[in-house]
Engineer: 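Below is a structure I'd like to ask you about.
Chain letters run A, B, ... following the sequence lines, proteins first, then strands; residues in each count from 1.
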Protein chains: 2
Amino acid sequence: MWRHILLYGVLAGVLVAVLRGIEYRWLVIDHSLEIYGGLVAAVFASVGIWLGLKLTRKRIEIREVLVPAPAVFVRDEAQVSALGLTPRELEILEFMAAGLSNKEIAEQAFVSENTVKTHASRVLDKLGAARRTQAIQRAKELRLIA
Amino acid sequence: MWRHILLYGVLAGVLVAVLRGIEYRWLVIDHSLEIYGGLVAAVFASVGIWLGLKLTRKRIEIREVLVPAPAVFVRDEAQVSALGLTPRELEILEFMAAGLSNKEIAEQAFVSENTVKTHASRVLDKLGAARRTQAIQRAKELRLIA
DNA sequence: TCGAAAATCACCCTTTCTGGTGACGCGCGG
DNA sequence: CCGCGCGTCACCAGAAAGGGTGATTTTCGA
């Protein structure tokens with residue numbers, strides 16, 4: 001805003017100078033008053049229009065419309081670190097949410113079923129869940145999994 | 001647009017008339033040229049600004065932003081009838097998805113745990129799931145539950 | 001390179017879940 | 001009135017899941 005005011009001031013000064021020049025020419029060369037007034041009017045009208053445009057250029061109205069978007073899933077890393085969940089545990093959590101049994105997860109993750117159990121137990125513990133269904137529900141609430 | 005041009009023309013005419021009046025006054029009362037020019041400048045600058053604002057007033061940019069809307073859940077009744085799921089079974093399915101154990105569901109639904117087991121078994125059977133986690137995953141895919 | 005965190009695996013015991021079978025009552029339409 | 005779908009309940013055996021403890025290896029940053 002101040003930049004605009006300053007700019008306007010400078011412009012006013014310049015135009016006064018121009019005015020003087022025009023006045024001088026008017027005095028020397030015998031031009032009519034109408035031409036002088038017309039010139040001034042034209043110049044200031046242009047400046048005014050330009051200023052008006054300048055002032056309103058940034059006033060675009062951003063209307064945010066709620067559209068059912070696919071909503072790309074973004075994991076809440078803050079929650080992940082807050083709960084102290086390791087990458088492997090998150091992986092096992094996703095497998096659990098996919099409806100796989102410990103044995104199936106073991107096959108998919110290339111580890112033993114006992115290892116999966118260990119990870120699963122830690123996940124349940126960290127999520128404060130007593131059952132894997134509850135863990136899944138919580139994980140989705142906390143945006144840990146899709 | 002044509003209205004603006006017309007308006008501008010009319011205004012120009014009016015202002016020329018005003019100009020004439022000012023000129024007359026200038027001739028009668030001995031005012032300086034600077035005041036005359038300043039007045040004209042001020043008037044036309046104002047008009048210009050007003051015009052600029054007028055021209056850009058309608059130029060609001062409507063930017064539709066895709067925002068993840070809450071997306072109200074609507075159960076796929078077609079799927080429900082296709083799978084032959086009864087209201088009670090859907091109810092138990094929702095409890096399962098909430099992470100409750102059979103015992104807890106029994107308390108919530110005011111029935112015995114055995115009854116919950118029966119319902120749960122039928123739900124698993126109808127959804128072609130081997131585990132309740134899988135049933136929940138399928139149910140969400142098929143839009144049976146939120 | 002040293003140590004902590006992470007990942008891996010095993011064993012035992014309890015709880016929960018699943019599958020199968022059978023049974024009873026209730027309401028509704030043929 | 002009888003059958004059928006639905007909801008209810010029970011029992012049992014086996015599978016899966018969960019809790020606890022302990023241990024080894026890997027990884028990675030100070």
Side-chain angles (χ1 to χ4, degrees), chain A residues 75-142 144-145, chain B residues 75-142 144-145:
Chain A
R75 170 166 296 144
D76 190 342
E77 297 294 347
Q79 282 291 343
V80 172
S81 56
L83 294 170
L85 286 167
T86 69
R88 198 58 162 166
E89 287 165 355
L90 272 177
E91 201 179 334
I92 267 65
L93 178 57
E94 284 177 342
F95 278 127
M96 291 195 298
L100 302 183
S101 68
N102 288 337
K103 189 172 299 187
E104 288 168 340
I105 295 173
E107 291 170 3
Q108 292 288 315
F110 304 106
V111 291
S112 77
E113 191 184 339
N114 284 316
T115 302
V116 175
K117 282 188 176 182
T118 304
H119 286 312
S121 280
R122 297 213 172 123
V123 168
L124 293 187
D125 184 45
K126 289 176 180 177
L127 286 180
R131 287 161 293 284
R132 53 174 42 197
T133 51
Q134 199 176 9
I136 293 166
Q137 200 269 343
R138 279 201 205 284
K140 297 207 173 191
E141 268 185 358
L142 298 173
L144 302 176
I145 57 176
Chain B
R75 170 166 294 146
D76 191 343
E77 296 295 346
Q79 282 290 344
V80 172
S81 56
L83 294 170
L85 286 166
T86 70
R88 198 57 162 164
E89 285 164 357
L90 273 177
E91 202 179 334
I92 267 66
L93 179 56
E94 284 176 342
F95 278 126
M96 292 195 299
L100 302 184
S101 69
N102 288 336
K103 190 172 297 187
E104 288 168 339
I105 296 173
E107 290 169 4
Q108 292 289 315
F110 304 105
V111 292
S112 77
E113 191 184 340
N114 285 316
T115 302
V116 176
K117 283 185 178 181
T118 304
H119 286 312
S121 280
R122 295 208 175 129
V123 168
L124 293 187
D125 184 45
K126 289 177 181 178
L127 285 180
R131 288 161 293 284
R132 51 172 50 197
T133 52
Q134 199 176 10
I136 293 166
Q137 200 270 342
R138 280 202 206 284
K140 297 208 174 190
E141 269 185 358
L142 298 173
L144 302 176
I145 57 176

Engineer: To the nearest 10 degrees, how far apart in direction are the end axes of the helix from C/dT1-D/dA30 to C/dG30-D/dC1, each fit to five base pairs?
Structural biologist: 50°
Engineer: Could you tell me which residues satisfy side chain to side chain contact (heavy atoms under 4.5 Å, CB included) with A/Ala139, sequence neighbours excluded, listed by chain and number?
Structural biologist: A/Leu93, A/Leu127, A/Leu144, A/Ile145
Engineer: Heavy atoms of chain B, cut-off under 4.0 Å: which first and last nucleotide of DNA chain D, 5' to 3', fall inside that, if you could look?
Structural biologist: D/dC6 to D/dA17
Engineer: Less than 4.5 Å apart, any side-chain heavy atom of A/Val123 and any of A/Arg138?
Structural biologist: no
Engineer: By the side-chain hydrogen bond (donor to acceptor under 3.5 Å, both in side chains) test, which pairs, at least two apart or in different chains, include something from residues 113-122 of chain B?
Structural biologist: B/Ser112-B/Thr115
Engineer: Residues two or more places apart in sequence or in another chain: which of them pass side chain to side chain donor-acceptor pair (under 3.5 Å) with B/Glu107?
Structural biologist: none
Engineer: Listed by chain and number, what are the side chain to side chain donor-acceptor pair (under 3.5 Å) partners of B/Glu141, not counting sequence neighbours?
Structural biologist: B/Gln137
Engineer: Which nucleotides of nucleotides 14-30 of chain C have their base under 4.0 Å from a protein heavy atom (B), which only their sugar-phosphate (S), and which neither (-), written as one string 5' to 3'?
Structural biologist: --SSBB-----------
Engineer: Near DNA chain C, under 4.0 Å by heavy atom, which residues of residues 75-90 of chain A?
Structural biologist: A/Thr86, A/Pro87, A/Arg88
Engineer: Taking only residues two or more places apart in sequence, or in another chain, which ones meet B/Asp125 in a side chain to side chain contact (heavy atoms under 4.5 Å, CB included)?
Structural biologist: none
Engineer: Step by step, would you call B/Ile92 with B/Ile105 a side chain to side chain contact (heavy atoms under 4.5 Å, CB included)?
Structural biologist: CA-CA 7 Å; B/Ile92 267 66; B/Ile105 296 173; 4.0 Å; yes
Engineer: Give every residue pair that meets the side-chain hydrogen bond (donor to acceptor under 3.5 Å, both in side chains) criterion with at least one member in residues 86-99 of chain A, sequence neighbours excluded.
Structural biologist: A/Arg75-A/Glu94, A/Thr86-A/Glu89, A/Arg88-A/Glu91, A/Glu89-A/Lys126
Engineer: Check step by step if side chain to side chain contact (heavy atoms under 4.5 Å, CB included) holds for A/Leu90 and A/Val80.
Structural biologist: CA-CA 9 Å; A/Leu90 272 177; A/Val80 172; 3.9 Å; yes
Engineer: NA contact type, A/Ser112, heavy-atom cut-off 4.0 Å: base, sugar-phosphate, or nothing?
Structural biologist: sugar-phosphate
Engineer: Identify, with sequence neighbours excluded, every residue that meets salt bridge (charged side-chain N to carboxylate O under 4.0 Å, His left out) alongside A/Arg131.
Structural biologist: B/Glu104
Engineer: Can you tell me how far the CG atom of A/Leu142 sits from the CD atom of A/Gln79, to the nearest 0.5 Å?
Structural biologist: 4.5 Å
Engineer: Provide the closest heavy-atom pair for B/Leu100 versus B/Gln108 in the form atom of the first, atom of the second, distance.
Structural biologist: CD1-CG, 4.0 Å
